[in-house]
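When reading the values below, keep in mind they use all heavy atoms of this one structure, side chains included, and skip hydrogens, waters and symmetry mates. In this chain, residues are counted from 1 in sequence order.
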Amino acid sequence: MTQPTAEHVGLLLRNARSEKGWTQGQLAAELGTSQSAIARMEQGKQNLSLRMIERLEAIFGRSIVKVGRPQMTHLRVEGGRTLSGEVDVNSSKNAGVALLCASLINRGTTTLRRLARIEEVNRIVEVLTSIGVECTWLNGSDLRIRRPEMLDLGSMDVDAARRTRSVIMLLGPLLDESSEYQLPYAGGCDLGTRTVEPHMQALREFGLTVEAKSGFYSIAAPPADDLHRSFVLTERGDTVTENAIMAAAHREGVTVIRNASPNYMVQDLCFYLQGLGVDIQGVGTTTLKITGRSAIDVDIEYYPSEDPIEAMSLITAGIVTNSEVTIRRVPIEFMEIELATLEQMGQKLEVSGEYMARNGRTRLVDVTTRPSELHALQDKIHPMPFPGLNIDNLPFFAVIAGNAEGQTMIHDWVYENRAIYLTELNKLGAQVQLLDPHRIYVNGPTKWRAAEIGCPPALRPAACLLLAMLAARGTSELRNIYVIERGYEDLAERLNTIGAKIEYFQD
């Protein structure tokens, strides 16, 4: 940024702060920086990164730089550095989007504290705002949500809805909101067909009728009732379970859901709904008994719990760089199989005593990685529904196996294409052999090398490439990181706090 541009941005920043009625100290607190740094920014004496400008724009709800901003953001990684220090795990992406959807059930005010500021959340907020929901960021990460008496479903932001798969989770909370309405086809990661039929099967139990028509789901709502229901989910999917729970939460009758997912985001949803007065029994098991309420009007504050997938990402960063790093606020209930598998591979870990998350329900620990010599497991590494190894944590074992002596089989049986994207690690020096769309061999140890790679269209494999670049000596570039920003809040900057050297740039 040239000096005149810095001065111009400083003036815009000062005006935006004054209009908000904030002191320099208040803005510094929002950004997690010093008041003197804010003063330098406003005087045009401090260069601002693109990431900092984006954060300022999010805080003020207005554009700071309007002209000539490129669309794609990339990362430049100086690898081969040893990491050290401590880093906290942020709140869960998957819990956050479910809670945003569930807030539509509540006629009172929902305040979600420390909500992940990620693109997936942004898209859902855009969808909610477009149908009349008042969404107000109170500071950097707290979101206040107030819905109107009637939602304007005809004004839904179709572009935002199609950029996230989470939009399918509006079906449960909108069960009988309007007699007829349309919902755009869900988007998100490119991981194969990932049919929405399990969602439809579950919601048909409540009388919902859905018909696919040229890019939209045409939905006919069922009449209200107080019937008792009991059904089995044919797929123990997380979002399928959440949709069924949200539908049951605002039905007066008793709903029993069998083969329900007890995973972390489902538990967070249940804790929130219990705060709204919905009686839910069996949280954390595969059988849920829900006694719904047709009218819910509660002012509630809720803290989503920490994200076990982000925890695994940060632990992987410590392992692949052979570093001593402490990852704080790890939700241990959802990481026990992962940590046990790592220890079987020879990874030295130190786990602290347990303490409670801010929601008062989720158990947390701190995990410290130690430099270790890893070896391949004789058995394959594969995911299972909770309490097994998390499906979204599996890809990180491909990077970790790259540091292990011997051959490791990774079996990603859930998604048709995700294992294919892990072969991109070969560009960084890995020896990944694709056996079929679901299975790979990883031969180690790897002598990681720098490379320029475009992000694959799947979140976790893209994050794996970034983590492998930390171990690759030299300068790597990861291009078009939008898919990573869908699921992580400032991952690169937070890795920098423990010794990584990553910078954002745009063409």
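Counting heavy-atom neighbours within 6.0 Å of Arg363 CZ, excluding the residue itself, gives a total above 12. Around the CD atom of Glu373, the shell of radius 6.0 Å holds no more than 12 heavy atoms that belong to other residues, nucleotides or ligands.
With rounding to the nearest 0.5 angstrom, the CG atom of Leu273 is 5.5 Å from the CD1 atom of Ile105. To the nearest 0.5 Å, atom CE of residue Met265 and atom CE of residue Met169 are 8.5 Å apart. A distance of 5.5 Å separates CG of Leu364 from OG of Ser305, quoted to the nearest 0.5 Å. Rounding to the nearest 0.5 angstrom, the gap separating the SG atom in Cys455 from the CE atom in Met72 is 10.5 Å. Met409 contributes atom CE, which lies 13.5 Å from atom CD of Gln378 (distance to the nearest 0.5 angstrom).
Ring to ring, Phe271 and Tyr302 are not that close: their centroids are 6.0 angstrom or more apart.
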Notebook entry, point to check: Does the side chain to side chain contact (heavy atoms under 4.5 Å, CB included) test come out yes or no for Tyr488 and Leu459, once each step is laid out?
Noted result: CA-CA 9 Å; Tyr488 293 91; Leu459 170 59; 3.8 Å; yes
Note to self: If you apply the rule side chain to side chain contact (heavy atoms under 4.5 Å, CB included), what do you find for Thr82 with Asn322, and how did you get there?
What the structure shows: CA-CA 7 Å; Thr82 299; Asn322 208 31; over 6 Å; no
Note to self: Under the criterion ring pair (Phe, Tyr, Trp, His ring centres under 6.0 Å), I'd like the reasoning laid out for Phe334 against Phe386: C-alpha separation, chi angles, the key distance, then a yes or no.
What the structure shows: CA-CA 8 Å; Phe334 308 102; Phe386 177 79; 5.0 Å; yes
Next item on the list: Step by step, work out the side-chain hydrogen bond (donor to acceptor under 3.5 Å, both in side chains) result for Thr110 and Ser103.
Entry: CA-CA 6 Å; Thr110 293; Ser103 69; 5.4 Å; no
Next item on the list: Please report the C-alpha distance between Gln274 and Val283 in whole Å, then the side-chain angles of each, then the deciding distance to 0.1 Å, and finally whether the side chain to side chain contact (heavy atoms under 4.5 Å, CB included) criterion is met.
Entry: CA-CA 10 Å; Gln274 287 172 333; Val283 178; 3.7 Å; yes
Notebook entry, point to check: Going through the checks in order, is the side chain to side chain contact (heavy atoms under 4.5 Å, CB included) test met by Arg460 and Ile484?
Noted result: CA-CA 8 Å; Arg460 307 307 170 185; Ile484 292 179; over 6 Å; no
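Note on Asp88 versus Arg329: no salt bridge recorded, every NZ/NE/NH1/NH2 to OD/OE distance being 4.0 Å or above. The existence of a salt bridge linking Arg494 and Glu310 is confirmed by a sub-4.0 Å separation between a basic side-chain nitrogen and an acidic carboxylate oxygen. Lys427 has a carboxylate O that lies under 4.0 Å from a charged side-chain N of Glu424, or vice versa, which qualifies the two as a salt bridge. Of the charged side-chain nitrogens involved, at least one lies within less than 4.0 Å of a carboxylate oxygen, so that Glu306 and Arg358 count as a salt-bridged pair. One finds a salt bridge joining Lys501 and Glu78 here, because a Lys/Arg side-chain nitrogen approaches an Asp/Glu carboxylate oxygen to under 4.0 Å. At a threshold of 4.0 Å, the pair Glu324-Arg370 counts as salt-bridged, since one of the basic side-chain nitrogens sits closer than that to a carboxylate oxygen.
Figure legend: Arg117 and Trp137 shown as a cation-pi pair, the cationic atom lying under 6.0 angstrom from the six-membered ring centre and within 45 degrees of its axis. A cation-pi arrangement is found for Arg76 relative to Phe505, the charged atom lying closer than 6.0 Å to the ring centre and inside a 45° cone about the ring normal.
Side-chain contact annotation: Asn496 with Glu493, donor-acceptor N/O pair under 3.5 Å absent. Side-chain contact, Thr73 with Gln506: a donor N or O sits under 3.5 Å from an acceptor N or O. Checked by atom type, the side-chain pair Glu452/Ser476 shows no donor-acceptor distance below 3.5 Å.
The side chain to side chain donor-acceptor pair (under 3.5 Å) with Asn443 is formed by just one residue from the set Gln407, Gln431, Gln433; it is Gln407.
Listed by chain and residue number, Glu197 satisfy the salt bridge (charged side-chain N to carboxylate O under 4.0 Å, His left out) test with Arg204 (two or more places apart in sequence, or in another chain).
Nearest heavy-atom pair, Asn94 versus Val97, reported as atom, atom and distance to 0.1 Å: O-CG2, 3.3 Å.
Among pairs with a residue in residues 385-401, those fulfilling side chain to side chain donor-acceptor pair (under 3.5 Å) read Glu338-Asn393, Asp392-Arg418, at least two apart in sequence or across chains.
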